[in-house]
Amino acid sequence: MTTSPTANRPAVSLTHRQILTVFSGVMAGMFVAAIDQTIVSTAAKEIGGDFGNFTDLAWMFTSYSLASTAVMPLAGKLSDLYGRKLLFQASIVVFTLGSLLCGVAPSFWTLVAFRAIQGIGGGALIVLAFAIVGDIVSPAERGRYQGLVGSVFAVASVIGPLVGGLIVGHTSWRWIFLVNLPVGAAALVITNRALDLPFVRQDHAIDWLGAALVVISASAFVVGAALIGERHEWYSVEVLASLVVAGLGAVLFIVQERRAAEPILPLRLFASPTMRTTSAVAFFLGIGMFGAIVYLPQYLQVVQELVATNAGLRMVPVMGGILVASTASGRLIARWGRYKLFPVLGLGIQTIAYVCFTQMGRSTPLALVFLFMGLAGFGIGMVSPVLVLAVQNDVAATDLGAATSATTFIRQMGATLGTAVFGAIIAGRIPLETQYLLDAPERLTSLPRAEQLVAIDLFMDTLQVVWWCTVPVALLGCLLAFRIPENPLRRSAHVGASQGD
């Protein structure tokens with residue numbers, strides 16, 4: 001276990017009521033970022049129609065993903081240097097400002113640019129929320145509160161599309177973004193009162209060159225992945241140029257981090273077997289999880305022919321599984337003091353669930369589909385929180401933000417790679433004119449039934465290929481999880497540990 005330079009300093013302990021007060025502020029900020037990832041998708045067609053641009057709609061989501069991914073390492077490190085509360089509140093302001101700009105965007109490409117501003121705030125909020133949880137709750141007690149964090153994402157995933165559909169159906173799509181203003185203002189007020197985290201600022205030299213290099217490298221990687229998803233061949237000039245920039249940026253970033261006095265991502269963290277192994281598991285978790293889950297709504301709408309307005313409810317089994325598993329595993333970890341079993345078991349369950357996905361088709365009973373989805377969610381819920389727990393239990397207080405952001409960043413990079421690879425499989429097997437029909441099922445239903453079934457069967461065959469690809473990925477993650485060291489869980493929290501001596 002990495003030794004903390006503040007280990008001999010008395011820890012600041014909080015009561016259960018004080019922890020819940022801080023959690024209210026953290027969850028308010030998390031909810032703002034989490035709901036945006038689901039609510040915007042319901043307005044895509046309206047936005048495309050208003051601006052007369054349907055072909056580039058994916059960039060509205062790519063710009064958000066690009067910015068949120070790139071900002072993660074920087075947000076974690078800055079919070080280590082200048083305090084979580086300041087950065088968390090600044091992230092809420094940035095996210096809310098981005099929402100305002102999106103709501104008044106005069107053109108499609110300005111909307112894409114403003115979505116990037118939103119992404120900066122949203123990505124930082126997610127990372128800082130997990131870091132604050134690591135500050136105030138000891139790893140040994142984390143299980144008592146783990147379900148609260150999972151519930152934010154579960155609720156946001158369910159009500160986001162429903163609220164989005166309600167807004168689009170009764171007013172302009174612009175209110176999809178403008179509704180974030182009062183929510184963001186409320187989150188700011190709550191965090192100002194609730195996030196009472198002791199911290200004494202110290203002067204540090206920020207590694208701005210390292211920050212720029214990681215942003216360039218991550219951005220180029222996300223752009224290259226997005227281009228592959230847009231049916232560019234992987235060997236096209238645009239994709240190769242993006243990947244070369246990403247690779248060169250990554251090499252230069254590593255060189256810079258070795259020489260920087262205050263590196264954005266301290267490479268010494270990876271000297272720890274826990275950090276190395278959990279990062280590898282997080283990467284494969286991201287690939288498999290997004291590859292398997294991201295196409296489930298389209299499967300339900302196209303193959304099972306469910307109504308699009310049920311978009312939010314369709315993912316309830318997955319989110320329910322995540323919530324139940326994260327809560328149950330957290331309580332068991334708190335009781336047993338052991339955590340290694342859960343990522344091994346969770347990735348094993350995911351592997352089984354993905355095999356079950358490969359057997360789904362047009363005739364699969366919906367109840368069985370929901371069972372498989374719940375199984376996948378249950379497996380995911382046993383893994384993601386435990387990886388963060390293991391890392392936060394292992395690192396020094398002064399590195400908690402950087403280590404947390406590194407784990408989240410690596411998982412997101414895996415998700416980006418998985419989305420690109422599986423998107424390329426979809427693009428390579430389904431003709432463009434068929435994909436055009438599948439992207440808007442109302443177009444598909446306008447065809448004769450025989451032609452509909454041909455398109456549906458082609459889509460289903462392709463999905464089965466994608467899901468078969470996720471099986472070895474999840475299995476490899478499961479095997480790697482056996483190598484996660486199981487260190488004794490600390491019974492003291494980091495809150496106040498980053499204060500000056």
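Because the structure is a prediction, the values reported are computed rather than measured. What's counted below: heavy atoms across the whole structure, side chains too, no hydrogens, waters or symmetry copies.
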Begin from the C-alpha positions of L417 and F221 and carry the test side-chain contact (heavy atoms from CB on, under 4.5 Å) through to its verdict. CA-CA 8 Å; L417 178 62; F221 183 77; 3.9 Å; yes
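- For the pair G98 and I117, the tightest heavy-atom approach, listed with the atom from each and the gap, is CA-CG2, 3.8 Å.
- Atom CD1 of I349 sits about 11.5 Å away from atom SG of C356, to the nearest 0.5 Å.
- A side chain to side chain contact (heavy atoms under 4.5 Å, CB included) with F130 is found for one member of V133, V127, I126 and no other, namely I126.
- Residues A390 and T274 come closest through the heavy atom pair O-CG2, 3.6 Å.
- The two atoms that bring F270 and S279 nearest to each other are CE2-OG, 3.5 Å, heavy atoms only.
- Side-chain contact between F283 and T407: absent, with no pair of heavy atoms (C-beta onward) separated by less than 4.5 Å.
- Looking at every heavy atom in both residues, M373 comes nearest to F357 through N-CE2, 4.0 Å.
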Tell me, with the steps shown, if D394 and N487 meet side-chain hydrogen bond (donor to acceptor under 3.5 Å, both in side chains). CA-CA 8 Å; D394 187 67; N487 299 317; 3.2 Å; yes
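- A donor-acceptor distance shorter than 3.5 angstrom exists from the side chain of E486 to the backbone of K340, with no hydrogens or angles considered.
- In this structure, C469 and I425 have side chains that are in contact, with non-hydrogen atoms separated by less than 4.5 Å.
- The distance from atom CD1 of I190 to atom CD of Q89, rounded to the nearest 0.5 Å, is 11.5 Å.
- With hydrogens and angles disregarded, no donor-acceptor distance shorter than 3.5 Å links the side chain of S217 to the backbone of V214.
- Residues V223 and T62 form no side-chain contact, since every pair of their non-hydrogen atoms from C-beta on lies 4.5 Å or further apart.
- With rounding to the nearest 0.5 angstrom, the CE atom of M72 is 10.5 Å from the CG atom of L125.
- Separation of atoms CG (L128) and OG (S91) is listed at 5.0 Å; rounding is to 0.5 Å.
- Put simply, the side chain of N180 never gets that close to the backbone of T96: no donor and acceptor are under 3.5 Å apart.
- Looking at V26 and M30, their side chains come closer than 4.5 Å, going by heavy atoms from C-beta outward.
- In this structure, CG on L475 lies 5.0 Å from CG on L479, to the nearest 0.5 angstrom.
- Salt-bridge formation is not detected for the pair K77/D207: no Lys NZ or Arg NE/NH1/NH2 atom is positioned less than 4.0 Å from an Asp or Glu carboxylate oxygen.
- Atom-to-atom distance recorded for S405:OG and D80:CG is 7.5 Å, nearest 0.5 angstrom.
- Between I287 and F422, the closest heavy-atom pair is O-CE1, 3.5 Å.
- For the pair R115 (side chain) and M60 (backbone), a donor-acceptor distance under 3.5 Å is present.
- Side-chain atoms of T404 never come within 3.5 Å of backbone atoms of G401 as a donor-acceptor pair (strictly under, hydrogens ignored).
- Ring geometry for Y299 versus W467: interplanar angle over 60°, hence perpendicular rather than tilted (30 to 60°).
- Side-chain contact check for M382 versus S326: every heavy-atom pair is 4.5 Å or farther apart.
- Applying side chain to side chain contact (heavy atoms under 4.5 Å, CB included) to V386 and the options L341, V391, I333, V344 leaves one that passes, I333.
- Residues L368 and M360 form no side-chain contact, since every pair of their non-hydrogen atoms from C-beta on lies 4.5 Å or further apart.
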Quick one, T277 with R483, criterion side-chain hydrogen bond (donor to acceptor under 3.5 Å, both in side chains). Give me CA distance, side-chain angles, the key distance, then yes/no. CA-CA 7 Å; T277 309; R483 299 179 60 85; 5.5 Å; no
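- Between the side chain of S65 and the main chain of F61, no donor-acceptor pair closer than 3.5 Å is present.
- Side chain of E257 to backbone of L265: a donor-acceptor contact under 3.5 angstrom is found.
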Quick one, S384 with R411, criterion side-chain contact (heavy atoms from CB on, under 4.5 Å). Give me CA distance, side-chain angles, the key distance, then yes/no. CA-CA 9 Å; S384 294; R411 187 185 67 182; 3.4 Å; yes
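- Two residues are said to be in side-chain contact when any heavy atoms from C-beta on lie closer than 4.5 Å; L74 and V215 fail this criterion.
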T364 vs Q359, side-chain hydrogen bond (donor to acceptor under 3.5 Å, both in side chains): CA-CA, chis, key distance, verdict: CA-CA 8 Å; T364 307; Q359 305 305 305; over 6 Å; no
Check the pair T278, V281 against side-chain contact (heavy atoms from CB on, under 4.5 Å), reporting the backbone distance first and the verdict last. CA-CA 5 Å; T278 53; V281 173; 5.5 Å; no
F253/I216 under side-chain contact (heavy atoms from CB on, under 4.5 Å): CA gap, chis, key distance, verdict: CA-CA 10 Å; F253 173 71; I216 291 171; over 6 Å; no
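- A distance-only check finds no donor-acceptor pair linking the side chain of Q392 to the backbone of A403 [under 3.5 Å].
- Within a 6.0 Å radius of CZ in F482, no more than 12 heavy atoms belonging to other residues, nucleotides or ligands are found.
- Proximity of F378 to I322: side-chain heavy atoms (C-beta onward) are nowhere separated by under 4.5 Å.
- Considering all non-hydrogen atoms of both residues, A33 and Y64 come closest at O-OH, 3.9 Å.
- Checking side-chain atoms of S79 against main-chain N and O of G76 turns up a donor-acceptor pair under 3.5 Å.
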